[in-house]
Visitor: 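Questions regarding the structure given below will be posed in turn.
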Protein chains: 2
Amino acid sequence: MKTMVEIALTPVSYLVLGEVARRGSATPYDLKVSVAESVGNYWSFPHAQLYKEPPRLAAAGLLAEEREAAGRRRRIFRITEAGRHRLQEWLSSADSGRTELRDLGLLKLAFADLGRPGDVARLARAQAVAHRAHLEVYRTLAALPADAMVWSLRRTLDLGFAYERLMAEFWERLGADPALVRTPPPPADSARPTRDAPSQGAAAAVGSAGDVVASPGTQVVPDDVAAEGGGVG
Amino acid sequence: MKTMVEIALTPVSYLVLGEVARRGSATPYDLKVSVAESVGNYWSFPHAQLYKEPPRLAAAGLLAEEREAAGRRRRIFRITEAGRHRLQEWLSSADSGRTELRDLGLLKLAFADLGRPGDVARLARAQAVAHRAHLEVYRTLAALPADAMVWSLRRTLDLGFAYERLMAEFWERLGADPALVRTPPPPADSARPTRDAPSQGAAAAVGSAGDVVASPGTQVVPDDVAAEGGGVG
DNA sequence: CCACAATCGTCTGACTCGGACTATCGCTCA
DNA sequence: TGAGCGATAGTCCGAGTCAGACGATTGTGG
């Protein structure tokens with residue numbers, strides 16, 4: 001068994017290994033489709049990678065490649081013993097890196113103090129709608145019969161659901177914050193204070209009216225609620 | 001004012017623009033530090049990018065670059081009118097792309113049916129600990145005086161907190177699932193069924209004992225709890 | 001003046017990303 | 001039967017991302 005070089009495996013690698021292992025065999029397109037309706041719900045992988053990764057894994061001896069006999073003669077991949085082993089190894093290791101919450105809306109909110117008064121409210125509405133919509137997708141998935149999906153995958157989708165709910169509620173709450181709708185006292189038109197002296201304002205809001213939007217009344221993190229259960233299970 | 005080419009802005013770009021705008025001026029190192037203790041809590045940006053991006057933005061006319069007079073003669077960046085404008089524009093647009101939950105632990109769980117019996121329990125424990133730990137970080141941040149942080153940023157950290165709590169509870173609940181600890185009926189040693197015929201098993205578990213771990217009793221997504229509030233605000 | 005830690009910064013190379021672009025298939029309607 | 005068409009399937013590309021190794025500078029105490 002040619003051991004080839006031991007390549008470094010990335011998340012995509014394991015995704016591919018896992019998906020191929022589970023299905024027995026798969027074409028890149030198969031991967032693309034099944035990833036889209038499973039893990040892709042919370043972690044999106046560009047499809048180009050699902051085409052590029054299998055050959056790479058095959059070159060490393062972790063997958064075996066064949067071709068369809070007729071028709072499009074697509075590449076079909078199966079996992080090898082070496083591949084199985086690497087997958088196992090990964091599954092057995094408890095350490096997983098940092099968790100990442102990549103949400104452009106959140107990033108926007110982080111800098112919302114630099115924006116114009118109406119911005120946050122608009123953003124909050126849009127975000128709430130988007131998350132509610134995704135919530136529906138999860139609901140559909142959850143309604144699938146028990147045998148449509150392995151238990152472990154389903155658990156992750158449960159979490160996806162809970163996550164979307166958390167987000168939806170967060171934005172709805174934020175949007176409902178009275179501090180967001182009242183108080184545009186400094187007319188929104190005086191929005192260019194530091195116009196020609198950009199280097200002058202040490203902590204100046206980009207469009208002024210920054211901290212006007214600040215909501216004084218809302219407390220930070222309710223220390224005490226830590227136990228009340230988000231309702232994941 | 002030389003308009004230069006209008007470059008495409010990525011999340012890092014806005015992060016840098018925003019941070020520079022807020023501080024008035026910043027060196028890449030400043031960015032690295034303040035990002036680490038704010039947005040970096042839920043969305044980590046490799047520090048190399050915080051060194052690379054400002055010059056890029058400067059080349060596009062969105063930042064202005066100077067140097068310290070003495071000492072290390074570090075690069076100091078300030079936002080320009082053009083930069084302010086682009087930032088504003090972004091802050092005003094309500095659409096933000098997909099939200100992403102990049103969590104290796106979750107990916108692992110998704111394929112846990114292919115693993116060995118004890119794996120999930122171990123993973124769950126480790127994940128729970130990690131999330132509880134990060135929860136503490138957020139608690140510390142939340143304890144900071146009101147003027148230590150703009151309201152908008154604080155809101156996002158609130159969400160980060162809620163997110164970590166959600167995760168911690170998810171993994172704890174999962175780890176507590178009796179189905180995980182009982183039932184290693186098929187001896188864990190028969191773990192290599194398809195040893196020499198890797199292509200045979202259409203849906204075979206990598207290490208067998210796959211669906212044994214499945215927890216039949218746990219319902220999928222409690223439709224009704226959608227209103228009970230995760231406790232973000 | 002050296003040692004040493006903390007601060008500060010650069011570089012590299014493999015991988016990621018998303019979207020434009022191409023090709024093939026199966027079907028329908030003229 | 002073959003042009004049109006939507007779904008399926010795959011390729012390509014260049015800019016951006018990423019982690020981590022590495023290098024340089026500064027401040028402090030001995």
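Just so it is clear, the model here is predicted, and its values are computed rather than measured. The chains referred to below are lettered A, B, ... by the order of the sequence lines, with proteins before strands, and numbering in each begins at 1. Quick note: numbers below take in every heavy atom, side chains included, and nothing from hydrogens, waters or symmetry partners.
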Visitor: Does any part of the side chain of B/Leu57, heavy atoms only, come nearer than 4.5 Å to the side chain of B/Val20, both counted from C-beta?
Guide: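 Side-chain contact under 4.5 Å: no.
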
Visitor: Do any N or O atoms of the protein come closer than 3.5 Å to N or O atoms of nucleotides 11-18 of chain D, and which pairs are they?
Guide:
from	atom 1	to	atom 2	distance (Å)
D/dT11	O4	A/His47	NE2	3.1
D/dG16	OP1	B/Arg56	NE	3.2
D/dG16	OP1	B/Arg56	NH2	2.6
D/dT17	OP1	B/Thr10	OG1	3.0
D/dT17	OP2	B/Gln49	NE2	3.2
D/dC18	OP1	A/Arg102	NH1	2.7
D/dC18	OP1	A/Arg102	NH2	2.6
D/dC18	N4	B/Lys52	NZ	3.3

Visitor: Going by the rule side chain to side chain contact (heavy atoms under 4.5 Å, CB included), which residues pair with A/Ala94 if we only count those two or more places apart in sequence or in a different chain?
Guide: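 For A/Ala94 the side chain to side chain contact (heavy atoms under 4.5 Å, CB included) partners, ignoring immediate neighbours, are B/Arg122, B/Ala126.
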
Visitor: C/dG19 C1' sits how many Å from B/Arg98 CZ, rounded?
Guide: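 Computing the B/Arg98:CZ to C/dG19:C1' distance gives 16 Å.
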
Visitor: Provide, to the nearest angstrom, the distance between the CZ atom belonging to B/Arg74 and the C1' atom belonging to D/dT26.
Guide: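 So the CZ-C1' distance, B/Arg74 to D/dT26, works out to 11 Å.
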
Visitor: Is it true that the side chains of B/Lys108 and A/Ser93 contain a donor and an acceptor less than 3.5 Å apart?
Guide: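 A/Ser93 and B/Lys108 do have a side-chain donor-acceptor pair below 3.5 Å.
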
Visitor: Run the ring pair (Phe, Tyr, Trp, His ring centres under 6.0 Å) test against A/His47 and tell me which residues pass, sequence neighbours left out.
Guide: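 Residues passing ring pair (Phe, Tyr, Trp, His ring centres under 6.0 Å) with A/His47: none at all.
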
Visitor: Who pairs with A/Glu19 by side-chain hydrogen bond (donor to acceptor under 3.5 Å, both in side chains), at least two apart in sequence or on another chain?
Guide: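 In terms of side-chain hydrogen bond (donor to acceptor under 3.5 Å, both in side chains), with neighbours along the sequence ignored, A/Glu19 is linked to A/Ser34.
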
Visitor: How many Å lie between CG on A/Leu9 and P on D/dA19, as a whole number?
Guide: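 Value for this atom pair: 16 Å.
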
Visitor: Applying side-chain hydrogen bond (donor to acceptor under 3.5 Å, both in side chains), name anything that partners B/Arg75, two or more places apart in sequence or on another chain.
Guide: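 Partners of B/Arg75 under the side-chain hydrogen bond (donor to acceptor under 3.5 Å, both in side chains) test: B/Glu65.
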
Visitor: Find every protein N or O atom lying less than 3.5 Å from an N or O atom of nucleotides 25-27 of chain C, and list the pairs.
Guide:
from	atom 1	to	atom 2	distance (Å)
C/dC25	O4'	A/Arg72	NH2	2.9

Visitor: From NZ of B/Lys32 over to P of D/dA19, roughly how many Å is that when rounded to an integer?
Guide: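 That distance rounds to 14 Å.
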
Visitor: What is the distance, rounded to the nearest whole Å, between atom CD1 of B/Ile76 and atom C1' of C/dG9?
Guide: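 Rounded to whole Å, this separation is 15 Å.
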
Visitor: Output the rounded distance in Å from CG (A/Leu104) to P (C/dC17).
Guide: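 The answer, rounded to whole Å, is 14 Å.
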
Visitor: Restricting to side chain to side chain contact (heavy atoms under 4.5 Å, CB included), what partner residues turn up for B/Glu100, sequence neighbours left out?
Guide: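 Testing B/Glu100 for side chain to side chain contact (heavy atoms under 4.5 Å, CB included), a comparison that skips the adjacent residues, returns A/Trp43, A/Ser44, A/Arg102, B/Arg102.
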
Visitor: Quick one: A/Leu50 CG to C/dG18 P, roughly how many Å, whole number?
Guide: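 Result: 12 Å.
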
Visitor: Residues in side chain to side chain contact (heavy atoms under 4.5 Å, CB included) with B/His131, at least two apart?
Guide: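 Once residues adjacent in sequence are excluded, the partners of B/His131 under the side chain to side chain contact (heavy atoms under 4.5 Å, CB included) criterion are A/Thr99, B/Asp103, B/Gln127, B/Glu164, B/Met167, B/Ala168, B/Trp171.
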
Visitor: Please name all residues satisfying ring pair (Phe, Tyr, Trp, His ring centres under 6.0 Å) with A/Tyr51, sequence neighbours left out, ordered by chain then number.
Guide: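 Testing A/Tyr51 for ring pair (Phe, Tyr, Trp, His ring centres under 6.0 Å), a comparison that skips the adjacent residues, returns none.
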
Visitor: In terms of the nearest nucleotide of DNA chain C, which residue is placed more toward the 5' end: B/Thr27 or B/Glu100?
Guide: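 Closer to the 5' end of DNA chain C: B/Thr27.
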
